[in-house]
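Below is one structure, written out as structure tokens; the observations come after it.
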Protein chains: 2
Amino acid sequence: MRLSTKARYGTRAILDLAMHYGEGPILIRDIAQRQGISKKYLEQIIAALKGAGLVKSFRGAHGGYALARDPASIKMSEVVQALEGPLTLVECLEDPSICSRAPYCVAMEVWARVNRAMLDALDSLTLQDLVDRQIRKGLGYGI
Amino acid sequence: MRLSTKARYGTRAILDLAMHYGEGPILIRDIAQRQGISKKYLEQIIAALKGAGLVKSFRGAHGGYALARDPASIKMSEVVQALEGPLTLVECLEDPSICSRAPYCVAMEVWARVNRAMLDALDSLTLQDLVDRQIRKGLGYGI
DNA sequence: TTTAAAGTCTACTAAATTAGTAGACTACCA
DNA sequence: TGGTAGTCTACTAATTTAGTAGACTTTAAA
């Protein structure tokens with residue numbers, strides 16, 4: 001159960017945007033370079049963040065990307081869900097009718113519990129928290 | 001981030017064994033039938049549980065499988081790890097040296113936190129807890 | 001009004017993983 | 001010694017992942 005590169009890269013990319021919040025449009029090319037990610041791949045990843053309304057874009061010359069909202073108002077659960085899709089370990093939690101065993105299934109309860117734990121952990125962190133940690137931890141690689 | 005069928009089926013299979021703990025060897029064929037899983041596929045899944053020392057096998061006539069230890073001593077984290085492999089969302093948590101960014105990486109801290117939350121949830125449940133819940137919830141499908 | 005810079009959209013692909021199937025083989029009890 | 005039951009290895013179809021590629025659109029500024 002590994003996280004996809006999309007979620008890992010996307011998280012770093014949006015943190016990069018958060019670190020530059022208020023500076024106007026940031027070039028995808030610069031994010032790609034700072035984070036060591038292919039620019040072309042990053043385009044697709046950022047598109048997912050834009051689709052979720054977490055990031056906004058400016059087209060044309062002097063365009064780029066910026067956070068759509070204040071970093072303190074963006075929960076990490078939103079970010080990860082935008083990148084990985086619904087954070088549900090097992091489909092039957094979303095729709096129990098797909099499995100005839102659901103009414104008696106105890107395994108489901110286990111997955112529900114793990115799910116809630118993950119969600120709680122991600123709900124309790126905002127992008128601003130990450131920015132603060134990044135500043136405390138030090139800025140490597142010219143972030 | 002969906003759980004594999006291996007983890008889902010395997011969890012139900014070992015719970016089935018736990019429900020029949022103390023009854024001697026249980027046939028893989030019967031588990032497969034009760035749980036609605038292909039017998040051939042279940043063989044491979046149970047092999048993983050055996051490899052992790054959670055289940056023991058008896059070959060030959062009147063053989064089958066049984067829990068290797070008391071259900072109360074088997075944590076769900078052991079079960080899931082036996083089936084899914086290391087429960088680490090991101091490789092760099094196991095070995096930070098694989099990523100030159102690790103020393104400054106704040107994303108890593110997020111994944112570590114989520115990881116701990118998942119592990120805690122699974123550590124706090126034993127197979128016996130599942131058996132108890134199953135009994136309280138009712139036995140569907142002739143489990 | 002042209003031009004270059006920037007994001008957007010769609011299609012393609014190689015590699016890896018998942019979810020099995022298949023079958024020959026070995027061990028054990030009666 | 002026969003049959004029951006687990007074991008081992010190989011194969012495969014489908015899906016997902018992790019990108020690459022390129023033509024297209026929008027826009028600021030010269």
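Nothing here was measured: the structure is a model prediction, and the numbers come from that model.
- Side chain A/Arg59 to base D/dT27: no donor-acceptor pair is found below 3.5 Å.
- Taking atom CD1 on A/Ile31 and atom C1' on C/dG7, their separation rounds to 12 Å, with Å as the unit.
- Between A/Arg2 and A/Glu84 there is no salt bridge, since none of the side-chain N atoms of the basic residue sits less than 4.0 Å from a carboxylate O of the acidic one.
- Closest approach to the B/Glu43 side chain among C/dA6, C/dG23, D/dA28 is made by C/dG23 (side chain taken as heavy atoms from C-beta onward).
- Residue A/Leu27 is not grouped with residue A/Leu17 when hydrophobic side chains (ILVMFWY) are merged at heavy-atom distances under 4.5 angstrom, including chains of intermediate members.
- Contact annotation: side chain of B/Gln44 to base of C/dT21, donor-acceptor pair present below 3.5 Å.
- With hydrogens and angles ignored, a donor-acceptor pair closer than 3.5 Å exists between the side chain of B/Lys40 and the base of C/dG23.
- Heavy-atom distances to DNA chain D give each of A/Ser4 and A/His62 a nearest nucleotide, and the one nearer the 5′ end belongs to A/Ser4.
- Salt-bridge check for A/Glu43 with A/Lys40: passed, with a basic side-chain N closer than 4.0 Å to an acidic carboxylate O.
- No engagement by B/Ile46 is indicated, since no non-hydrogen atom pair under 4.0 Å with the nucleic acid exists.
- Put simply, CG on A/Leu27 is 14 Å from C1' on C/dA4, counting in whole angstrom units.
- Taking CD1 from A/Ile31 and CZ from A/Arg29, the interatomic distance works out to 11.5 Å, rounded to the nearest 0.5 Å.
- When all heavy atoms are compared, the tightest approach of A/Lys56 to A/Leu67 is CE-O, 3.8 Å.
- Atoms CG (B/Leu42) and P (D/dT7) sit 12 Å apart, rounded to a whole Å.
- The CD1-C1' distance, from A/Ile45 to C/dG7, rounds to 16 Å in whole Å.
- Between its two ends, the helix from C/dT1-D/dA30 to C/dA30-D/dT1 turns its axis by 10°, counting five pairs per end and rounding to 10 degrees.
- Atom-to-atom, CZ of A/Phe58 to P of C/dG7 comes out at 11 Å; the value is rounded to the nearest Å.
- The phosphate of C/dT8 (OP1 or OP2) has a side-chain N or O of A/Ser57 nearer than 4.0 angstrom.
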Let me check something: any side-chain donor-acceptor pairs from residues 115-122 of chain A under 3.5 Å, sequence neighbours excluded? List them with distances.
| unit_1 | atom_1 | unit_2 | atom_2 | d |
| --- | --- | --- | --- | --- |
| A/Asn115 | ND2 | A/Leu87 | O | 3.4 |

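- As judged by a 4.0 angstrom heavy-atom cut-off over every strand, B/Lys39 is placed among residues making no nucleic acid contact.
- Contact annotation for A/Lys56: no contact, since no heavy-atom pair falls under 4.0 Å across all strands.
- Between the NZ atom of B/Lys6 and the P atom of C/dT17 there is a distance of 13 Å, rounded to whole Å.
- The distance from atom OH of B/Tyr41 to atom C1' of D/dA14 is 13 Å, rounded to the nearest whole Å.
- Taking 4.0 Å as the cut-off between side-chain N and carboxylate O, B/Glu109 and A/Arg136 do not count as a salt-bridged pair.
- In the set C/dA19, C/dC29, D/dA18, D/dA18 carries the atom at the smallest distance from any side-chain atom of A/Thr5.
- The phosphate of D/dT17 has neither OP1 nor OP2 within less than 4.0 Å of any side-chain N or O from A/Tyr9.
- Summarising the geometry, the separation between OH on B/Tyr65 and P on C/dC28 is reported as 14 Å, rounded to the nearest angstrom.
- Each of B/Glu84 and B/Ser38 has a nearest nucleotide on DNA chain C; the 5'-most of these lies closest to B/Glu84.
- Salt bridge B/Arg8/A/Glu91: absent, no basic N to carboxylate O contact under 4.0 Å.
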